[in-house]
Chemist: 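The structure that follows is given in the form of structure tokens.
Read the numbers this way: they start at 1 and go in the same order the structure lists the ligands and their atoms.
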Amino acid sequence: MPIEEGKDSNQRTQSRAFPLKIIKFILIFLAFGIGFSLLSMYMIRYSGFQNIVSTARSGFQPCYEEPDGLNRWVKPPLRLTHTMSDPELLWRASIVPQVKNYPFKRVPKIAFMFLTRGPLPLSPIWERFLKGHEGLYSIYIHSLPSYRAEFPPTSPFYQRQIPSQVAEWGEMSMCDAERRLLANALLDISNEWFILLSESCIPLFNFSIIYKYIKKSRYSFIGAFDDPSPYGRGRYNLNMAPEINISQWRKGSQWFEVDRRLAIYIIKDTLYYPKFKNFCRPGCYVDEHYFPTMLTIEASHLVANRSLTWVDWSRGGAHPATFGRGDINEAFMKRITEGHSCLYNNQPSTLCFLFARKFAPNTLEPLLQFVQYE
Ligand SMILES: *[C@@H]1O[C@H](CO)[C@@H](O)[C@H](O)[C@H]1NC(C)=O
Ligand SMILES: *[C@@H]1O[C@H](CO)[C@@H](O)[C@H](O)[C@H]1NC(C)=O
Ligand SMILES: *[C@@H]1O[C@H](CO)[C@@H](O)[C@H](O)[C@H]1NC(C)=O
């Protein structure tokens, strides 16, 4: 009996001590729980704040209601900076939807891609040209990696520099830069047309005319012609066969306009790239041959074989004429915009050029008087 009693009392003290332990446990859990939720609330608020800051900077509206909805695939990236290497970027940009109908309202945009060394002295012209057409275009700038563009947040050029590398005229690094521009612009699913421009380019007509001309065209505007001279076929190298035949060898100005399909052809290419890299060495000017030749072989039915960018070779020499302040007058502007003939959708047309180069920085002031873009 005493043993039983002892056991009993032991049990009784245990059952009295137990609730206390449970209460302690619950309190500790509660403290943890509250601490945790406070921390996560803080984190959400903090990252939400970050989003708002970057939204305000880039002008895009992220969708809070459905963070994992379709929007993450449809909205352009918030920032153009990224840490992808070129092979990573090209791979990412080559991802193509297989369902042809977009399950959202897609307004096709023109990607204006500026291949520059540093500043864009004619940017006020472009700003005037683009004004009021937000949502129909995107801007991308590839410059020397050391160059930092300083545009105010109100400018369409603000924070539009892509991660860049040094590009040398006539060398493969120039084509690499162009592919880099295309790949970055392809990350925005709404970009449909891709136009390569330089800092000395200007638009010749208002945005509506240019947008319609490009949108209604059955072909992409890339210069491609068969030049029998030493500066054309003379640059062909037999080591490029069998992928590239001399009869397929083309030449054209590097200032192209391509649609999304051709842009993807260009960035995904691994067949022609090594041929040009290895056998179109300085003296060959790879940026005049790679894309025209490749697209002639792969998609000749999609290219207009002419460029949209007017340039003046009439002065002779290795480089086209650069125009200065004294050249800009009404007669000159007429000479650029009128009196041409070409084919547009297989029909004769006098509207052949939408852009022109090369304009020196000091043409800005007189040009602003002549071009209204209204
Ligand atoms: C390449 O050129 C050779 C003759 O030079 C010709 O027989 C062959 O058909 C051409 N190939 C292509 C794909 O055009
Ligand atoms: C462009 O040239 C290619 C031959 O190089 C030709 O097949 C194609 O039809 C031409 N494009 C147009 C629009 O005429
Ligand atoms: C663009 O220019 C054309 C021809 O000059 C004109 O008819 C049209 O109204 C202009 N569009 C805008 C939006 O200014």
Side-chain angles (χ1 to χ4, degrees), residues 107-110 112 124-137 156 193 195 202-229 231-233 235-236 240-241 243-259 261-263 265-266 269 271-272 275-276 288-310 330 333-356 367-374:
V107 180
K109 294 194 287 188
I110 297 180
F112 295 100
I125 300 239
W126 287 94
E127 284 166 5
R128 187 186 281 187
F129 165 78
L130 295 167
K131 199 169 183 219
H133 303 283
E134 291 72 22
L136 295 177
Y137 68 85
W193 306 285
I195 303 179
I202 60 161
L204 293 175
F205 300 96
N206 67 27
F207 189 91
S208 317
I209 291 180
I210 288 183
Y211 186 86
K212 192 171 156 213
Y213 192 94
I214 288 169
K215 183 180 178 177
K216 300 273 182 210
S217 174
R218 268 181 248 159
Y219 306 103
S220 285
F221 295 94
I222 176 152
F225 60 99
D226 184 3
D227 173 5
S229 82
Y231 309 107
R233 286 198 177 205
R235 295 175 183 169
Y236 174 77
M240 294 172 173
E243 286 82 359
I244 306 157
N245 224 317
I246 184 137
S247 63
Q248 299 164 321
W249 183 252
R250 290 290 181 279
K251 181 175 175 171
S253 127
Q254 80 183 120
W255 310 106
F256 60 71
E257 179 273 330
V258 291
D259 68 5
R261 221 173 352 168
L262 294 191
Y265 272 129
I266 291 175
D269 173 44
L271 181 64
Y272 306 102
K275 291 283 168 173
F276 280 92
E288 293 181 357
H289 298 281
Y290 176 27
F291 302 152
T293 302
M294 194 201 97
L295 293 179
T296 292
I297 298 172
E298 289 286 326
S300 67
H301 61 295
L302 298 177
V303 294
N305 303 316
R306 66 182 176 92
S307 171
L308 288 177
T309 305
W310 181 87
E330 205 160 328
M333 296 312 287
K334 272 210 161 118
R335 189 185 138 211
I336 299 183
T337 51
E338 295 175 10
H340 304 293
S341 63
C342 56
L343 288 180
Y344 177 72
N345 287 339
N346 305 321
Q347 300 297 315
S349 172
T350 54
L351 186 51
C352 303
F353 298 105
L354 304 183
F355 308 97
L367 277 175
L368 280 174
Q369 283 168 25
F370 277 101
V371 290
Q372 297 303 325
Y373 304 125
E374 276 153 12

Chemist: Considering the heavy atoms of Ser208, write down every atom of ligand 3 situated less than 4.0 Å from one of them.
Modeler: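 Within the 4.0 Å cut-off of Ser208, ligand 3 contributes 11 (N), 12 (C), 13 (C).
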Chemist: Does the gap between the ring centers of Tyr213 and Phe221 come in under 6.0 Å?
Modeler: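 For Tyr213 and Phe221, the ring centres are under 6.0 Å apart.
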Chemist: Would Asn245 and Tyr236 count as having a side-chain donor-acceptor pair, cut-off 3.5 Å?
Modeler: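 Side chains of Asn245 and Tyr236: no pair found under 3.5 Å.
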Chemist: Do any nitrogen or oxygen atoms of Tyr219 come within less than 3.5 Å of a nitrogen or oxygen of ligand 2?
Modeler: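 By distance alone, the answer is no.
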Chemist: How far is atom 14 (O) of ligand 2 from the closest protein heavy atom, and which atom is that?
Modeler: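 Result: Asn305 ND2, 4.0 Å.
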Chemist: Nearest to atom 4 (C) of ligand 3, what protein heavy atom do you find, and at what distance?
Modeler: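 Sorting protein heavy atoms by distance from atom 4 (C) of ligand 3 puts Ile209 CD1, 3.7 Å first.
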Chemist: Take atom CD of Glu330 as the centre, draw a 6.0 Å sphere, and report whether it contains more than 12 heavy atoms from other residues, nucleotides or ligands.
Modeler: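 No, the 6.0 Å shell around CD holds no more than 12 heavy atoms from other groups.
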Chemist: Grab the two heavy atoms, one from Ser220 and one from Val258, that are nearest each other, plus how far apart they are.
Modeler: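 Reported closest heavy-atom pair: OG-CA, 3.5 Å.
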Chemist: Could you check atom 5 (O) of ligand 2 against the protein and tell me its nearest heavy-atom contact, residue, atom and distance included?
Modeler: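 Going atom by atom, the protein heavy atom closest to atom 5 (O) of ligand 2 ends up being Arg250 NH2, 3.0 Å.
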Chemist: Mind checking whether Asn206 has an N or O less than 3.5 Å away from an N or O of ligand 3?
Modeler: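 Yes, since at least one N or O of Asn206 sits under 3.5 Å from an N or O of ligand 3.
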Chemist: Can you confirm whether something in the protein, heavy atoms only, sits under 4.0 Å from atom 9 (O) of ligand 3?
Modeler: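 There is no protein heavy atom less than 4.0 Å from atom 9 (O) of ligand 3.
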Chemist: Could you identify the single nearest non-hydrogen protein atom to atom 13 (C) of ligand 2 and state the distance to 0.1 Å?
Modeler: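 Of every protein heavy atom, Val303 O, 3.5 Å lies nearest to atom 13 (C) of ligand 2.
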Chemist: To which protein heavy atom is atom 7 (O) of ligand 2 closest, and what is the distance rounded to 0.1 Å?
Modeler: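 In this structure, atom 7 (O) of ligand 2 has Ser300 OG, 3.6 Å as its nearest protein heavy atom.
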Chemist: Going by the ring-ring contact (aromatic ring centres under 6.0 Å, His included) test, name the single residue among Tyr373, Tyr211, Phe207 that passes it with His133.
Modeler: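 Answer to the ring-ring contact (aromatic ring centres under 6.0 Å, His included) test with His133 among Tyr373, Tyr211, Phe207: Phe207.
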Chemist: Do any N/O atoms on Thr296 end up under 3.5 angstrom from N/O atoms on ligand 2?
Modeler: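 No.
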Chemist: Counting heavy atoms not belonging to Tyr231, are there more than 12 under 6.0 Å from its OH?
Modeler: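 No, OH of Tyr231 has 12 or fewer neighbouring heavy atoms, counting only those of other groups under 6.0 Å.
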Chemist: Under the criterion side-chain contact (heavy atoms from CB on, under 4.5 Å), I'd like the reasoning laid out for Ile209 against Leu351: C-alpha separation, chi angles, the key distance, then a yes or no.
Modeler: CA-CA 10 Å; Ile209 291 180; Leu351 186 51; 4.3 Å; yes
